[in-house]
Every structure is written in structure tokens, then in C-alpha cells.
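What follows is a single structure, written as C-alpha cells, with notes after it.
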Amino acid sequence: MTPLVTAAVLLAAVTHAGWNALAHRITDKLVGFTLILAGGVLIGLLLAPFAAFPAAAAWPYLAVSAAVHLVYVVLLMTSFRLGDFGQAYPIARGTAPLVVTLFAAVFAHEVPDGRAATGIALSCAGLTGVALWGLRGRRPDWAAIGAALATGLSIASYTVVDGLGVRASGSALGYTAWLMVVQGVAIPAYAVGRRWRRDTVAVLRPFAAVGLLGSLLSVCAYGLVLWAQTRAPLAPIAALRESSVKSRSRSSIWAAQYAQRRQFRGTLPSARHLC
């Protein structure tokens with residue numbers, strides 16, 4: 001992996017952590033994913049005229065990827081509903097690189113050497129450690145863990161499908177644009193047509209700015225990963241990309257510590273009360 005590709009994946013990891021942090025601020029996950037996916041459709045349509053149209057060989061991958069991404073969104077929302085974000089998300093992201101390594105060996109004939117395999121294993125171990133640290137002193141919620149593992153399998157599946165698809169497309173930007181369009185329709189259509197209907201604007205308006213900013217970051221993050229997949233093996237990219245989860249976890253820890261300090265200070269009597 002060249003320094004340029006490494007830098008692109010690390011930038012994607014930071015950007016990915018950013019949009020996840022924004023999405024986590026939206027308590028209703030269906031609202032969050034509706035805004036992010038609908039924004040992705042809009043961005044894809046704006047990008048498409050400026051990018052090469054994906055080659056015919058890429059379209060089966062685009063179709064499969066759209067279906068797998070839909071499964072991923074449903075599983076991720078289920079994981080968040082059943083378990084704590086700090087446990088479910090590291091499990092989902094931490095298992096994905098291992099499965100990507102297996103799938104890439106089978107479908108892309110990419111077998112990592114010893115150094116790459118060690119890096120992948122360490123990355124996954126670190127992410128699993130984040131989840132286990134969150135479980136300390138508590139009884140595991142096996143339903144939530146099962147949903148998180150299934151989410152990780154879906155992540156690995158679309159990672160490999162998109163890696164093969166973008167290589168067949170002839171244009172990373174074109175593939176990114178049309179993937180956003182193809183994958184981003186189903187969830188917003190369901191939410192608007194079956195859940196909110198006339199209340200759609202009122203439901204979405206309070207979170208529109210946050211959601212659309214998250215959408216922009218999401219497209220940038222995954223576009224960088226897709227570009228990198230045309231220039232390096234899939235498994236090391238997947239492992240490096242998951243450093244976003246560590247960034248997100250550190251941010252959560254810092255936020256929690258800050259809140260605890262504020263709460264502690266709030267319990268102290270002020271000088272005015274002591275005098």
C-alpha cells in the first residue's frame with residue numbers, strides 16, 4: 001500500500017468517524033439514515049454528469065451492493081435498538097476485516113502476507129477490546145451481540161462486492177456516484193411512504209442540517225475507500241479503515257469524561273453559598 005493510498009484511507013477513517021458522530025446525535029435512527037441516504041442520492045446525481053459512466057461489468061456488483069447495504073442499514077438499526085452503541089458498533093466493525101480477508105482470498109484471490117495478516121489481526125483485536133471494555137461488569141446481551149455480528153458480516157460483504165465492482169467499473173468516481181443513487185432510495189422511500197407521509201417535513205426538519213452534513217461526509221469517506229480499493233488489496237484497506245471506530249470510541253470517552261466533570265462541578269457548592 002503506497003503512502004498516498006494509506007493517507008486516503010486514514011482520511012476516510014476520520015471522515016467516517018465524523019459522519020457517524022453526527023448520525024449518533026439523531027436519536028431516531030430512521031430519521032438519521034433517511035437524511036443521510038437521501039442526501040447521498042442527491043450528491044450522487046450531482047456527481048454523475050462529471051464522472052465516467054460505470055462499465056457494464058460493474059452493474060451487477062452495484063445491484064448486489066445496494067441490496068447488501070439495505071440489509072446493513074436494517075441490521076445496524078436493530079443493533080442500536082438492542083444494545084449500546086459503544087458495544088454494538090465496535091463488534092460490527094471489528095469482525096468485518098477478518099471476514100473481508102476470507103472473502104477477498106476466495107473471490108479476489110488476495111491472500112495477505114505475514115505482515116499484513118498481523119496488522120489485520122491486531123486491528124480486529126483492538127476493536128474487539130473496545131467492545132469487551134464496554135461489557136466489563138455487565139451481563140452480555142446476546143441478542144445485541146448477534147445483531148452486531150450479523151452487521152459485521154454485511155459490512156464485509158458489501159466491502160468485497162464494492163471492491164470488485166469499482167475495479168470493474170473503470171471509474172471510482174462514477175461507481176461512487178451511481179452507488180449512492182442506487183443504494184439510497186429504498187430506506188427514504190419506505191420512511192416517507194409508509195411511516196411519516198404528510199408529517200415528513202416536520203419530522204425531518206429539526207435534523208436536516210446535521211443529516212445532510214453527515215451525508216456529505218459519508219459520501220466522501222466511502223468514495224476515498226472505493227478509490228483506494230482500485231490501488232491496493234481489500235483486506236488491509238478494510239482493517240485500516242476501521243481505525244475510525246477507535247477515533248469514534250475515543251471521542252465518546254472524552255465526551256463522557258467531560259460530562260462527568262461538568263456533573264461533578266455542578267454538585268459542588270459555589271463560593272457564594274459557602275460565604
Side-chain angles (χ1 to χ4, degrees), residues 1-22 40 43-44 47 50-52 54-55 58 61 65 89-90 92-130 152 155-156 158-177 179-180 213-251 254:
M1 193 184 303
T2 66
L4 180 60
V5 173
T6 301
V9 178
L10 289 174
L11 179 58
V14 173
T15 311
H16 184 86
W19 85 254
N20 271 269
L22 290 173
I43 294 170
L47 288 175
F50 303 98
Y61 294 105
S65 177
Y89 201 63
R93 307 300 310 196
T95 55
L98 290 177
V99 183
V100 169
T101 303
L102 175 61
F103 285 177
V106 173
F107 297 107
H109 309 293
E110 295 177 356
V111 179
D113 59 22
R115 290 175 57 188
T118 300
I120 294 166
L122 288 174
S123 176
C124 294
L127 293 170
T128 304
V130 171
I155 293 169
Y158 75 64
T159 297
V160 175
V161 169
D162 285 335
L164 297 174
V166 72
R167 292 172 181 177
S169 70
S171 169
L173 182 60
Y175 188 91
T176 301
L179 177 62
M180 295 301 114
L213 177 58
S215 180
L216 178 60
L217 294 175
S218 173
V219 173
C220 291
Y222 203 53
L224 286 169
V225 169
L226 290 171
W227 174 83
Q229 287 178 323
T230 65
R231 286 161 171 78
L234 303 179
I237 290 174
L240 187 58
R241 181 192 179 206
E242 300 315 334
S243 59
S244 67
V245 181
K246 298 171 189 173
S247 300
R248 179 70 182 91
S249 299
R250 281 193 292 268
S251 299
W254 292 337

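Atom set for the values below is all heavy atoms of this structure, side chains included, hydrogens, waters and symmetry mates excluded.
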With L216 via side chain to side chain contact (heavy atoms under 4.5 Å, CB included) - residues at least two apart:
I43, C220
Compile the donor-acceptor pairs under 3.5 Å between side chains in residues 224-239 and protein atoms, sequence neighbours left out, one pair per line.
{"residue": "Q229", "atom": "NE2", "partner": "T159", "partner atom": "O", "Å": "3.3"}
{"residue": "T230", "atom": "OG1", "partner": "W227", "partner atom": "O", "Å": "2.5"}

Any residue meeting side chain to side chain donor-acceptor pair (under 3.5 Å) with S65, in chain and number order, not counting sequence neighbours
H69, D162
Within the side chain of S169, is there an N or O that forms a donor-acceptor pair under 3.5 Å with the backbone of Y175?
no
Identify, with sequence neighbours excluded, every residue that meets side chain to side chain contact (heavy atoms under 4.5 Å, CB included) alongside L98.
I120, C124
Pair Y222, H16 - check side chain to side chain contact (heavy atoms under 4.5 Å, CB included), show working.
CA-CA 8 Å; Y222 203 53; H16 184 86; over 6 Å; no
Any idea which heavy atoms bring A117 and P112 closest together, and the distance?
N-CB, 4.0 Å
Expected list for residues 6-15: side-chain donor-acceptor pairs under 3.5 angstrom, two or more places apart:
{"residue": "T6", "atom": "OG1", "partner": "T2", "partner atom": "O", "Å": "3.0"}
{"residue": "T15", "atom": "OG1", "partner": "L11", "partner atom": "O", "Å": "2.7"}

Which of these passes side-chain contact (heavy atoms from CB on, under 4.5 Å) with L164: V166, V160, V161?
V160
Can you name the nearest heavy-atom pair linking Y61 to A168, along with the distance?
CE1-CB, 4.4 Å
Pairs flagged by salt bridge (Lys or Arg N to Asp or Glu O under 4.0 Å) wherever residues 103-113 is involved - sequence neighbours left out:
E110-R167
